[in-house]
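Just so it is clear, the values below take in all heavy atoms, side chains as well, and ignore hydrogens, waters and symmetry mates.
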2 protein chains.
Amino acid sequence: MRTVEKALKLLDFFDERHPVIGLSALARMSGIDKATVLRMLGDMAAAGLVEQDPASREWRLGAGILRLSRLREAAFPATGVLNPILARLAEATGEPAHASLRAGRDLGTIGVVESARSNRVYIEPGLMLPLHATASGVAYTAFARPELRAEVLARPLAAFTGATPTDGATLSARLEEARALGYACADQTFEDEVFGIAMPLFGPDGFACGALAVATPVARLTPDLQARVLAALAGAAREATQGMGGHVPDHHRIAA
Amino acid sequence: MRTVEKALKLLDFFDERHPVIGLSALARMSGIDKATVLRMLGDMAAAGLVEQDPASREWRLGAGILRLSRLREAAFPATGVLNPILARLAEATGEPAHASLRAGRDLGTIGVVESARSNRVYIEPGLMLPLHATASGVAYTAFARPELRAEVLARPLAAFTGATPTDGATLSARLEEARALGYACADQTFEDEVFGIAMPLFGPDGFACGALAVATPVARLTPDLQARVLAALAGAAREATQGMGGHVPDHHRIAA
DNA sequence: CCTGTCGGTTCATTATATACACCAGTGTTT
DNA sequence: AAACACTGGTGTATATAATGAACCGACAGG
């Protein structure tokens with residue numbers, strides 16, 4: 001594997017449960033030799049992607065990421081546009097809403113607004129959403145560039161729950177359904193007890209660049225709630241696409 | 001040079017003036033062969049650090065950065081804490097305020113709040129602030145870990161204006177002055193006509209981890225304005241340090 | 001038609017990354 | 001106290017992965 005790719009994969013070991021990681025632990029997690037990991041961390045630290053706590057000698061994501069993030073937001077506003085839309089969406093539906101954009105192979109969650117309820121789905125910040133196993137992923141893939149659809153179908157499809165589509169035929173049917181409806185649903189395909197409803201966000205080229213989604217506990221899902229969510233999502237997704245400078249293609253129609 | 005380091009240096013060519021860059025242009029700017037740059041971009045795209053516009057084939061910073069940024073903010077809130085403080089600081093002083101944190105060799109600007117005035121200093125988003133040539137850099141370096149001070153003094157000091165301190169003795173005096181005063185001033189040492197006033201932000205270990213600064217056009221700087229800025233900065237910096245979980249060391253006293 | 005530039009690919013050469021062994025420091029357990 | 005199991009970090013021979021010149025097809029302008 002390419003060295004740069006390997007080094008950057010180290011970043012993926014940092015998440016909500018592992019905000020700081022020691023050298024040996026990171027080497028163990030990644031299966032890469034300690035000496036190599038250390039050199040990679042040093043290189044990434046020089047770019048500000050990671051930084052080392054001088055006291056504990058543990059590593060964490062670096063402030064350079066915040067700088068790059070600001071830089072990207074200045075050129076292509078996404079977070080700034082999406083957050084207020086997510087807030088209204090969560091308010092209107094009473095369930096947490098989240099937005100994700102293509103980042104590498106999968107969708108990276110870049111915005112989450114929780115709902116006020118106590119029993120609600122928890123969406124981890126920065127969670128990666130697999131394209132075949134989430135409502136967002138299916139909604140995105142269905143309206144992404146055709147090459148991507150073929151590529152996703154060719155990949156091995158990991159099972160996250162018993163309901164995860166793991167064969168190309170099933171996934172292909174889901175994608176067709178999403179294209180017909182204009183949105184995608186995921187009934188516990190990624191996490192048990194969680195039902196996801198998602199609509200694509202479009203880029204300037206008329207192809208999907210991400211998704212907007214609402215997640216509810218299956219126990220609370222009623223036809224009425226689903227209808228309300230869809231109505232709110234449709235407006236929110238259109239607004240989000242326009243706000244980011246995207247273009248909703250003519251063929252994209254929401255079943256009302 | 002290490003391959004990973006070289007690859008990540010490519011990210012630094014993206015700024016406000018160059019939000020998207022083509023392959024050949026990036027190769028030219030970096031002095032690295034086209035083929036190598038392409039492979040590096042591919043690896044970084046797999047991690048979501050960059051992405052390619054499918055239409056124009058040009059490259060830009062990727063959405064994965066937004067994801068990582070959220071992840072870091074969830075673990076170590078900085079932007080979220082600093083922005084409201086910056087807003088109040090800009091409001092109180094009438095001049096733009098900015099915050100920066102250590103990112104690699106220099107300070108990376110991670111938050112800027114402009115003032116309402118028409119004639120004001122413009123701070124580019126994501127700008128890197130050299131440690132020896134800016135008020136923020138001097139304030140940070142003066143209160144950073146001693147090893148860092150030695151390292152900075154050992155580096156060659158680039159001149160940005162005629163007033164930039166380029167020899168160790170001058171810089172060393174500036175650092176001593178900053179340590180005595182508790183803040184640093186920069187009279188056109190980075191940009192002509194710009195006067196910067198900065199105070200350090202402290203980490204949990206009692207050493208500086210960044211800086212909070214106000215920039216004014218030299219023409220407008222009066223003793224009165226400087227006093228107002230210093231008063232506002234002192235409160236803001238203390239608040240910011242505490243908000244990020246840092247610890248203001250006992251020896252750090254602000255001359256009132 | 002010629003020319004310059006673009007993004008991208010190929011492949012022999014070589015420079016770079018790798019992993020083993022090792023070191024020093026620290027905290028636990030015996 | 002002594003042995004042990006960790007930790008973060010270093011040095012170096014070996015092998016792997018990075019490199020860059022040449023090349024390709026496409027496109028734009030003169």
*For nucleotides 24-30 of chain D, just jot down a letter per nucleotide in 5' to 3' order: B, S or -, based on protein non-hydrogen atoms under 4.0 Å.*
-------
*Using atom CD1 of B/I32 as one end and atom P of C/dA15 as the other, report the distance to the nearest whole Å.*
17 Å
*asked:* With heavy-atom distances below 4.5 Å as the criterion, would you say the side chains of A/F202 and A/C209 are in contact?
replied: no
*A/R28 has an atom CZ; how far is it from atom C1' of D/dT7, in whole Å?*
10 Å
*Cation-pi between B/R179 and B/F143: NZ/CZ under 6.0 Å from ring centre and within 45° of the ring axis?*
yes
_Ion pair B/D12/A/R67, N-O distance below 4.0 Å_ = yes
*Are B/R145 and B/D205 within salt-bridge range, i.e. N to O under 4.0 Å?*
yes
_Nucleotide nearest A/A35 when distance is taken to its side chain, options C/dC20, C/dC6, D/dT7_ = C/dC20
*asked:* So, does A/T36 get its side chain near the phosphate of C/dA17, meaning an N or O under 4.0 Å from OP1 or OP2?
replied: no
*Could you tell me how the ring of A/H132 sits relative to the ring of A/F160: parallel (under 30°), tilted (30 to 60°) or perpendicular (over 60°)?*
tilted
*Identify which nucleotide among C/dC20, C/dT9, D/dG9 has an atom closest to any side-chain atom of A/L23, counting heavy atoms from C-beta outward.*
D/dG9
*Between CE of A/M40 and OG1 of B/T3, what distance do you get to the nearest 0.5 Å?*
9.5 Å
*What's the CE-P distance between A/M1 and C/dA19, to the nearest Å?*
12 Å
*Which whole-number value in Å describes the distance from A/L38 CG to D/dT10 P?*
6 Å
_As a test of reading the structure: which of C/dT18, C/dG7, D/dA18 is closest to the side chain of B/R39, going by heavy atoms?_
D/dA18
*Answer yes or no: is there an ion pair linking B/R60 with B/E51, defined by an N-O contact shorter than 4.0 Å?*
yes
_Main-chain N/O of B/G182 paired to B/H252 side chain as donor or acceptor, under 3.5 Å_ = yes
_Distance check needed: D/dA13 P versus A/D33 CG, whole Å only._
17 Å
*How about B/R105: does its CZ atom have over 12 heavy atoms from other parts shown lying under 6.0 Å from it?*
no
_Please check if the number of heavy atoms outside B/R149 that lie under 6.0 Å from its CZ is greater than 12._
yes
*Once you round it to whole Å, what is the distance between P of C/dC6 and CD1 of B/I21?*
13 Å
*Do B/L101 and B/L107 touch side chain to side chain, with heavy atoms closer than 4.5 Å?*
no
_Any salt bridge linking B/D33 with B/R39? Criterion: basic side-chain nitrogen under 4.0 Å from a carboxylate oxygen._
no
_Counting the atoms with a prime plus P, OP1 and OP2 as sugar-phosphate, which does A/R2 contact under 4.0 Å by heavy atoms, base, sugar-phosphate, or nothing?_
sugar-phosphate
*Distance check: side-chain N/O of B/R57 vs OP1/OP2 of C/dG8, anything under 4.0 Å?*
yes
*Can you check the A/M40 CE to D/dG8 P distance for me, whole Å?*
17 Å
*For DNA chain D, find the residues of residues 43-56 of chain A with a heavy-atom distance under 4.0 Å and give them by number; none if there aren't any.*
A/Q52
*With a 4.0 Å heavy-atom cut-off, tell me which residues in residues 3-12 of chain A come close to DNA chain C, sorted by residue number.*
A/T3, A/K6
